[in-house]
Number of protein chains: 2
Amino acid sequence: MTRMGEVEWLSDREQRVWRSLLRAQAGIETELDRDLRRTGGLTLVEYGILVALSESPGRRMRMRRLAEEVLVSKSRLTHQISRLESAGHVRREPCEDDRRGFWAVLTDQGAETLEHAAPGHVAAVRGRVFDRLSPAQVDALGELMAILEIDDPATLPGPSGT
Amino acid sequence: MTRMGEVEWLSDREQRVWRSLLRAQAGIETELDRDLRRTGGLTLVEYGILVALSESPGRRMRMRRLAEEVLVSKSRLTHQISRLESAGHVRREPCEDDRRGFWAVLTDQGAETLEHAAPGHVAAVRGRVFDRLSPAQVDALGELMAILEIDDPATLPGPSGT
DNA sequence: GGAATGTAGTTGAAAATTGAACCGTTGTTC
DNA sequence: GAACAACGGTTCAATTTTCAACTACATTCC
């Protein structure tokens with residue numbers, strides 16, 4: 001079907017699906033971000049960082065790990081944490097057993113901010129996504145996103161898998 | 001179910017789906033952007049702009065309309081177009097019948113750049129999305145994204161609709 | 001026709017992001 | 001144990017994005 005040098009174009013159907021996907025993506029992100037910023041005083045990424053920390057043992061996480069968790073570059077995380085630090089939401093602590101490393105630690109104030117922001121954000125997520133879907137559709141969405149979130153196409157089951 | 005002042009939290013299932021969604025979103029965007037930048041010398045947004053123009057009659061579009069089409073702010077579009085203009089991909093033309101307005105016009109060079117970038121990008125989209133899904137799954141994805149791309153929850157059919 | 005109001009698009013400065021270069025530490029290899 | 005690669009994290013400069021004015025034209029309404 002696909003020959004060397006030839007590229008199989010997207011079908012009309014795929015084209016439409018792809019554009020819907022892009023629009024849905026953009027819409028969800030910008031709306032939730034705007035909402036969260038307004039009601040909770042946080043960015044979507046900042047929120048993600050605080051959540052990750054709050055769920056981690058000792059409310060702390062190494063920078064590298066945290067960067068992977070929230071899917072941002074090392075550099076960006078450094079800046080992000082600096083801002084959160086000067087806002088009092090996070091504190092940096094040197095790592096005992098690896099003197100290159102630092103812990104990003106959620107402060108009480110940060111936890112408070114998070115708890116304050118969470119209900120509104122959850123409501124927004126519901127309104128933007130889950131309230132629109134039947135349970136079956138949520139399942140379908142979960143299945144699809146599980147496939148699409150994987151970076152490496154090699155480790156995949158599925159139609160092209162066998 | 002939902003009482004005043006109370007917020008219904010996400011179920012475990014929803015939580016997992018939500019995180020998958022976020023990761024899939026981020027993964028798709030950053031990977032396709034990186035790829036497109038490397039092989040085509042364009043940003044995902046720039047690509048979107050050129051595509052929109054190429055498909056519009058006269059290869060041109062008013063700024064406002066274009067901004068809506070590619071889902072960026074007016075301001076950002078101005079800058080974006082300025083860059084594309086100084087790269088020779090786009091040209092601005094004053095609008096005859098509305099002297100406030102401008103056309104963003106795709107140049108031949110821009111069209112060429114686009115055509116050169118497209119195959120690689122399409123291949124990347126395939127690899128990142130469609131090759132991983134069965135036709136039935138593509139249909140399901142399309143249905144879901146069609147629901148989620150809509151901004152205004154009011155104009156919705158669906159489970160909460162009646 | 002003229003005052004008010006809305007719309008198209010730009011500007012400019014502040015803030016955020018990127019990417020490469022960098023520093024100090026850790027791990028590995030011989 | 002010395003040399004060297006790899007890692008964790010920051011820094012700096014360049015680029016991009018954002019947000020709030022702002023200009024100029026268009027539209028409305030009396």
Side-chain angles (χ1 to χ4, degrees), chain A residues 25-26 29-38 41-49 52-53 56 60-87 89-105, chain B residues 25-27 29-38 41-50 52-53 56 60-87 89-105:
Chain A
Q25 247 182 210
E29 252 222 53
T30 63
E31 280 180 44
L32 290 184
D33 191 68
R34 186 161 40 67
D35 182 88
L36 185 52
R37 203 183 288 253
R38 190 167 47 76
L42 288 173
T43 288
L44 212 47
V45 176
E46 290 170 339
Y47 184 87
I49 291 173
L53 292 179
S56 188
R60 72 189 52 217
M61 216 179 266
R62 290 284 297 271
M63 296 293 282
R64 190 83 226 299
R65 177 94 183 64
L66 183 53
E68 282 163 15
E69 182 73 18
V70 300
L71 251 28
V72 300
S73 67
K74 284 190 304 172
S75 172
R76 183 171 172 185
L77 183 64
T78 293
H79 293 306
Q80 208 78 245
I81 290 292
S82 298
R83 269 165 273 171
L84 285 171
E85 191 170 29
S86 59
H89 296 326
V90 164
R91 148 175 46 97
R92 263 185 254 246
E93 263 181 38
C95 186
E96 290 306 324
D97 45 324
D98 181 349
R99 286 191 306 189
R100 295 168 300 181
F102 281 91
W103 296 100
V105 187
Chain B
Q25 246 181 213
E29 252 222 54
T30 62
E31 281 180 44
L32 289 185
D33 191 69
R34 185 160 42 64
D35 182 89
L36 185 52
R37 201 182 289 252
R38 189 165 49 75
L42 288 173
T43 287
L44 212 46
V45 175
E46 290 170 339
Y47 184 88
I49 291 173
L50 298 190
L53 292 178
S56 189
R60 71 189 51 218
M61 216 179 266
R62 290 283 297 270
M63 295 293 283
R64 189 84 227 299
R65 177 93 185 66
L66 182 53
E68 282 163 14
E69 181 73 18
V70 299
L71 253 27
V72 300
S73 68
K74 285 190 304 172
S75 173
R76 183 172 172 184
L77 183 64
T78 293
H79 293 306
Q80 207 78 248
I81 290 291
S82 299
R83 269 165 262 163
L84 285 171
E85 192 170 28
S86 58
H89 296 326
V90 164
R91 146 175 48 96
R92 264 184 253 245
E93 264 181 38
C95 186
E96 289 306 326
D97 46 323
D98 181 349
R99 286 191 307 190
R100 297 168 299 181
F102 281 91
W103 296 101
V105 186

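Being a predicted model, the structure only gives us computed values, none of them experimental. Naming convention: chains lettered A, B, ... in sequence-line order (proteins, then strands); numbering from 1 in each chain. When reading the values below, keep in mind they use all heavy atoms of this one structure, side chains included, and skip hydrogens, waters and symmetry mates.
Across the protein-nucleic acid pair, A/Leu84 atom CG and C/dA15 atom C1' stand 15 Å apart, rounded to whole Å. Remark: P of D/dT15 and CG of B/Asp33 are 17 Å apart, rounded to the nearest angstrom. As a whole-Å value, the separation of B/Glu85 CD from C/dT11 P is 11 Å. Between B/Leu77 atom CG and D/dT16 atom P the separation is 15 Å, expressed in whole Å. When rounded to the nearest whole Å, the span between CD of B/Gln80 and C1' of D/dT15 equals 11 Å. When the P atom of D/dA21 is taken as reference, atom NZ of B/Lys74 falls 14 Å away, rounded to whole Å. For A/Glu46 and C/dA16, the CD to C1' distance is 11 Å, given to the nearest whole Å. Straight-line distance from the CZ atom of A/Arg83 to the C1' atom of C/dA15: 8 Å, rounded to whole Å.
Checking A/Arg37 against B/Asp97, the closest nucleotide of DNA chain D that is more toward the 5' end is the one next to A/Arg37.
Considering all non-hydrogen atoms of both residues, A/Val105 and A/Leu53 come closest at C-CD1, 4.4 Å. Pairing each heavy atom of A/Thr78 with each of A/Met63, the nearest pair is CA-CE, 4.0 Å. The minimum heavy-atom distance between B/Gly101 and B/Arg62, with the atom names listed, is CA-NH2, 3.5 Å. Nearest heavy atom pair, residue A/Val90 against residue A/Ile81, reads CG1-CG2, 4.1 Å.
Taking 3.5 Å as the limit, the base of C/dG9 and the side chain of B/His79 contain no donor-acceptor pair of atoms between them. Between the side chain of B/Ser75 and the base of C/dT11 there is at least one donor-acceptor pair of N/O atoms closer than 3.5 Å.
Using a 4.0 Å cut-off, some side-chain N or O of B/Arg76 falls inside it from OP1 or OP2 of D/dT18. Taking side-chain N and O atoms only, A/Arg99 has no distance below 4.0 Å to OP1 or OP2 of C/dC23. Distances shorter than 4.0 Å separate none of the side-chain N or O atoms of A/Arg100 from OP1 or OP2 on D/dA6.
The listed nucleotides are C/dT10, C/dT25, D/dC25; the one nearest the side chain of B/Thr78 is C/dT10. Which of D/dC25, D/dT10, C/dT18 sits closest to the side chain of A/Ser73 comes down to C/dT18.
Using a 4.0 Å heavy-atom cutoff across all strands shown, A/Arg92 reaches sugar-phosphate atoms only and no base atom. If you check every strand for non-hydrogen atoms under 4.0 Å, A/Arg62 touches sugar and phosphate atoms only.
For the side-chain contact (heavy atoms from CB on, under 4.5 Å) criterion with A/Leu66, the lone passing option out of A/Met61, A/Gln80, A/Arg60 is A/Met61.
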